[in-house]
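These notes are about the structure you will find just below.
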4 protein chains.
Amino acid sequence: MTEQRRPGRPRSEAARRAILDAAMRELEEHGYAALTVQGIAARAGVGKQTIYRWWQSKADVVLDALIDMADTHIAVPDRGSLPEDLMAFLKATFDQRGRRPVLIGLMAQALLDPAFARAFRDRFLASRRAAMRKILERAATRGEVAPDIDPETVIDVVYGVLWYRLMLNHAPLDETASSQISDLLLRGITRDR
Amino acid sequence: MTEQRRPGRPRSEAARRAILDAAMRELEEHGYAALTVQGIAARAGVGKQTIYRWWQSKADVVLDALIDMADTHIAVPDRGSLPEDLMAFLKATFDQRGRRPVLIGLMAQALLDPAFARAFRDRFLASRRAAMRKILERAATRGEVAPDIDPETVIDVVYGVLWYRLMLNHAPLDETASSQISDLLLRGITRDR
Amino acid sequence: MTEQRRPGRPRSEAARRAILDAAMRELEEHGYAALTVQGIAARAGVGKQTIYRWWQSKADVVLDALIDMADTHIAVPDRGSLPEDLMAFLKATFDQRGRRPVLIGLMAQALLDPAFARAFRDRFLASRRAAMRKILERAATRGEVAPDIDPETVIDVVYGVLWYRLMLNHAPLDETASSQISDLLLRGITRDR
Amino acid sequence: MTEQRRPGRPRSEAARRAILDAAMRELEEHGYAALTVQGIAARAGVGKQTIYRWWQSKADVVLDALIDMADTHIAVPDRGSLPEDLMAFLKATFDQRGRRPVLIGLMAQALLDPAFARAFRDRFLASRRAAMRKILERAATRGEVAPDIDPETVIDVVYGVLWYRLMLNHAPLDETASSQISDLLLRGITRDR
DNA sequence: CGTTAAGCGAGACGGTACGTCTGGTCTTCGT
DNA sequence: ACGAAGACCAGACGTACCGTCTCGCTTAACG
């Protein structure tokens with residue numbers, strides 16, 4: 001049951017790779033704001049049309065490049081307890097150093113273009129949220145989570161802080177941050193009674 | 001100690017207002033992505049140079065317009081207890097319905113332009129954070145907050161969720177959201193022991 | 001020895017024609033001073049870049065349009081004697097009625113832009129001077145011209161008067177003018193001894 | 001019958017001079033094409049309005065500057081015979097070395113702006129033509145000119161060559177040129193019978 | 001001597017066109 | 001049919017000047 005071959009010259013995998021690589025390199029060197037389809041095409045040694053044939057915009061290219069390089073499946077090994085799971089997850093998730101320019105650029109695009117926002121949400125953000133959701137479900141099964149807590153809200157809080165700091169760059173996303181957020185989520189901010 | 005008058009024709013307040021108004025109206029009608037300096041100038045009945053003379057980019061215009069229309073000083077009346085203060089603040093803060101396009105556009109710009117990001121942070125976001133900080137300080141004075149809690153992290157959580165939902169538009173920013181966040185912050189997510 | 005074809009989409013002849021035509025029509029209707037690249041592009045239904053890709057300035061466009069419409073090769077049939085040749089040439093040359101705005105505009109540009117002046121001289125004026133030169137050479141062969149006369153000076157006189165009257169518009173360029181110039185050149189102004 | 005004094009502050013002669021001087025200096029340094037009213041005003045330490053109050057355009061300023069510096073009255077001393085008068089006149093007239101940029105610029109403006117063309121003709125060119133006309137009249141009185149020669153045509157020939165060479169810069173305006181033109185005018189180009 | 005009236009430097013104003021840039025599409029040939 | 005090359009239409013960009021306007025200040029002559 002092989003994939004039926006279409007007539008004509010098949011899509012060039014070399015071109016695809018060249019485009020994704022060129023996009024990432026342009027982005028690293030000049031930043032997302034300076035990214036242009038022309039620039040990517042020139043750097044990849046490819047015609048502009050070859051890009052437009054397969055992607056709708058430069059953001060889609062970058063999104064593909066990101067997904068291509070990111071772990072498609074996020075492993076969330078069970079460490080036995082919510083605090084440990086959460087801490088491990090935050091540490092892994094917050095470490096976005098290298099990817100910051102890419103994420104920032106894509107978010108900017110998503111803010112300006114609702115159609116791309118959907119793609120960004122469904123093809124990238126969703127899988128991250130799913131990982132976090134799995135941890136919470138595990139904890140719920142263990143009875144570690146209060147029953148009236150909405151897991152989606154918790155996920156929003158985690159990714160909210162992550163993105164907020166990623167975007168404004170006013171506070172670090174290091175281990176201290178992880179443990180503060182973790183603490184805050186687990187205990188709340190109120191003084192223990 | 002009077003403000004020394006500069007020589008030459010003074011800046012036209014009428015033009016300033018017309019530009020800010022035109023920017024907001026263009027934004028409401030066509031969205032931030034379609035906003036152009038030419039469009040603002042045309043709508044305001046103003047030369048483009050008059051815009052470039054006083055603002056560095058369309059984002060700066062919109063930022064000024066936003067600040068102009070937003071309450072410069074955010075009132076945070078003391079309701080007596082942290083839970084009540086927090087709930088009131090969240091309800092007021094989350095109600096950004098009308099401003100969403102403006103905020104989204106400005107954040108997009110901030111992500112693309114570090115110089116503007118600074119202005120956005122210092123001239124707009126800072127005052128919002130200050131309001132939240134005041135509430136936390138008040139609560140700390142009352143002994144309502146655990147001593148090892150970093151108020152800046154709490155602020156990041158609150159505004160993190162706000163922005164995350166504002167940007168992704170995947171979950172409401174209504175009263176239910178407010179109380180969930182409030183609950184979560186006050187008690188943590190762990191089942192009471 | 002065929003012209004090697006370059007890769008990519010070939011230049012659009014339709015666009016070239018549309019641009020030249022639009023330039024001439026704009027010029028006829030509004031005059032050279034009001035001619036703008038934007039206007040030509042709009043009238044031709046063409047992007048501005050398509051003009052800038054092939055011409056350096058609006059003057060170059062007009063020069064091409066003029067050369068395109070002018071007889072590239074000026075016929076100077078041999079009428080047998082210098083007086084007859086000269087009179088025929090002057091009558092033909094002085095009849096610039098329709099072209100006056102074009103010529104005036106190009107000369108203005110040439111006066112303001114030395115680079116264009118060169119192009120104007122070499123690509124347009126030179127061929128006109130060559131025609132006159134041929135007549136004088138023919139007359140010299142016949143022994144009709146005094147041997148110490150510099151033909152270039154004579155050419156300068158003819159075209160000098162032509163341009164001077166064309167520019168100042170203070171005297172006609174009609175048949176009377178032709179015969180006066182012709183007379184003057186042939187006999188000089190001194191009373192016959 | 002003295003010029004009735006108008007009330008209010010009188011026109012500043014210092015400003016007038018500064019403007020004319022600044023215009024000439026700008027012109028010498030950067031050429032007519034780069035001349036701007038703003039530039040003249042800045043260089044002269046004068047407000048733009050002070051220029052527009054007294055002149056209609058930069059060309060009018062330059063024209064005034066030219067007239068100011070040129071000999072208002074052109075002396076044409078009677079040397080006794082047409083050949084000597086003519087030669088002296090041509091030598092003096094052709095020597096426009098320093099003034100070339102000014103004359104070229106003004107002519108360019110005249111070609112683009114009919115209103116200025118009139119001013120240029122009446123306020124500058126006319127007096128030059130008058131000088132030449134006087135010489136021809138003198139010669140006519142002496143019986144040196146053929147009776148059917150139109151002096152205006154002769155003047156056009158002289159100034160035609162002058163301007164043609166001045167504008168195209170393809171041939172010198174030196175003494176050789178003067179004597180060639182003089183010869184040609186006096187004897188015609190035909191071989192002596 | 002103070003009022004009146006214009007000129008002055010300065011510089012912001014509403015405009016227009018510039019020449020450049022990028023977007024997204026189309027058209028060619030070669031593979 | 002795909003890929004490269006590159007021209008095409010479109011339109012915003014930010015700049016440069018235009019010619020006008022609006023300030024406060026200066027400079028006379030007149031009452």
Side-chain angles (χ1 to χ4, degrees), chain A residues 6-12 14-16 18-19 34-39 41-42 44-54 56-58, chain B residues 5-16 18 34-42 44-54 56-58, chain C residues 5-16 18 34-42 44-54 56-58, chain D residues 5-12 14-16 18 34-39 41-42 44-54 56-58:
Chain A
R6 307 229 310 296
R9 181 172 175 176
R11 174 171 183 183
S12 157
R16 202 189 76 92
I19 290 165
L35 201 64
T36 69
V37 174
Q38 315 226 121
V46 139
K48 275 201 296 176
Q49 192 59 40
T50 304
I51 297 182
Y52 281 112
R53 210 186 322 274
W54 301 107
Q56 293 199 0
S57 69
K58 63 180 180 182
Chain B
R5 202 179 221 308
R6 306 230 313 297
R9 180 176 178 172
R11 176 172 184 181
S12 157
E13 175 59 19
R16 202 190 74 93
L35 199 65
T36 69
V37 175
Q38 315 228 123
I40 297 171
V46 139
K48 275 201 293 179
Q49 197 61 52
T50 302
I51 296 183
Y52 284 112
R53 205 185 333 268
W54 302 108
Q56 294 201 359
S57 68
K58 62 182 179 182
Chain C
R5 198 176 227 311
R6 306 230 314 297
R9 180 178 179 171
R11 176 172 184 182
S12 158
E13 175 58 20
R16 200 189 75 93
L35 199 64
T36 69
V37 174
Q38 315 228 123
I40 298 171
V46 138
K48 276 199 293 177
Q49 195 63 256
T50 302
I51 296 183
Y52 283 111
R53 205 187 329 272
W54 304 107
Q56 293 200 359
S57 68
K58 62 181 179 181
Chain D
R5 198 176 231 309
R6 309 228 311 295
R9 180 176 179 173
R11 175 172 184 182
S12 158
R16 201 190 75 94
L35 199 64
T36 69
V37 174
Q38 315 226 128
V46 138
K48 276 201 295 175
Q49 193 64 274
T50 303
I51 296 184
Y52 283 111
R53 209 188 325 271
W54 304 108
Q56 294 200 0
S57 69
K58 62 179 180 183

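In what follows, chains carry the letters A, B, and so on, assigned in the order in which the sequence lines appear, proteins first and then strands, with residues in each chain numbered from 1. No hydrogens, no waters, no symmetry mates; every other heavy atom, side chains included, goes into these values.
When distances are taken from the side chain of Ser12(D) to each of dC8(E), dG9(E), dC13(E), the shortest belongs to dC8(E).
Going from atom CD1 of Ile19(A) over to atom OG1 of Thr50(A) covers 6.0 Å, rounded to the nearest 0.5 Å.
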Whether each nucleotide of nucleotides 17-22 of chain E has a protein heavy atom under 4.0 Å at its base (B), only at its sugar-phosphate (S) or at neither (-) is summarised, 5' to 3', as BBBBBS
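Atom pair Ile40(C):CD1 and dC9(F):C1' shows a separation of 17 Å (rounding to whole Å applied). Here the P atom of nucleotide dT15(F) and the CH2 atom of Trp54(B) are 16 Å apart, to the nearest Å. Across the protein-nucleic acid pair, Arg53(A) atom CZ and dT27(E) atom P stand 14 Å apart, rounded to whole Å.
Scored by the side-chain contact (heavy atoms from CB on, under 4.5 Å) test, Ser12(D) finds Ala14(D), Ala15(D) as partners (sequence neighbours excluded). For Ala18(D), the side-chain contact (heavy atoms from CB on, under 4.5 Å) test picks out Ala44(D), with sequence neighbours left out. Remark: Thr36(A) pairs with Gln38(A) by the side-chain contact (heavy atoms from CB on, under 4.5 Å) rule, at least two apart or across chains. In this view, Gln49(B) and Tyr52(B), Arg53(B) satisfy the side-chain contact (heavy atoms from CB on, under 4.5 Å) rule, not counting sequence neighbours.
Between Thr50(B) and dG14(E) there is a side-chain polar atom (N or O) within less than 4.0 angstrom of OP1 or OP2.
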Could you check Trp54(D) against Arg11(D) for side chain to side chain contact (heavy atoms under 4.5 Å, CB included), going step by step and ending with a plain yes or no? CA-CA 10 Å; Trp54(D) 304 108; Arg11(D) 175 172 184 182; 3.5 Å; yes
Under-3.5 Å N/O pairs linking protein and nucleotides 25-27 of chain F:
{"unit_1": "dT26(F)", "atom_1": "O2", "unit_2": "Arg9(D)", "atom_2": "NH1", "d": "3.0"}

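Residue Ile51(A) comes nearest to Val37(A) through the heavy atom pair CD1-O, 3.9 Å, listed as atom of the first residue, atom of the second, then distance.
Mapping Arg11(C) and Pro7(B) onto DNA chain F via the closest heavy atom, the residue that lands nearer the 5' end is Arg11(C).
Remark: side-chain polar atoms of Lys48(C) are not paired, donor with acceptor, to backbone N or O of Ala41(C) under 3.5 angstrom.
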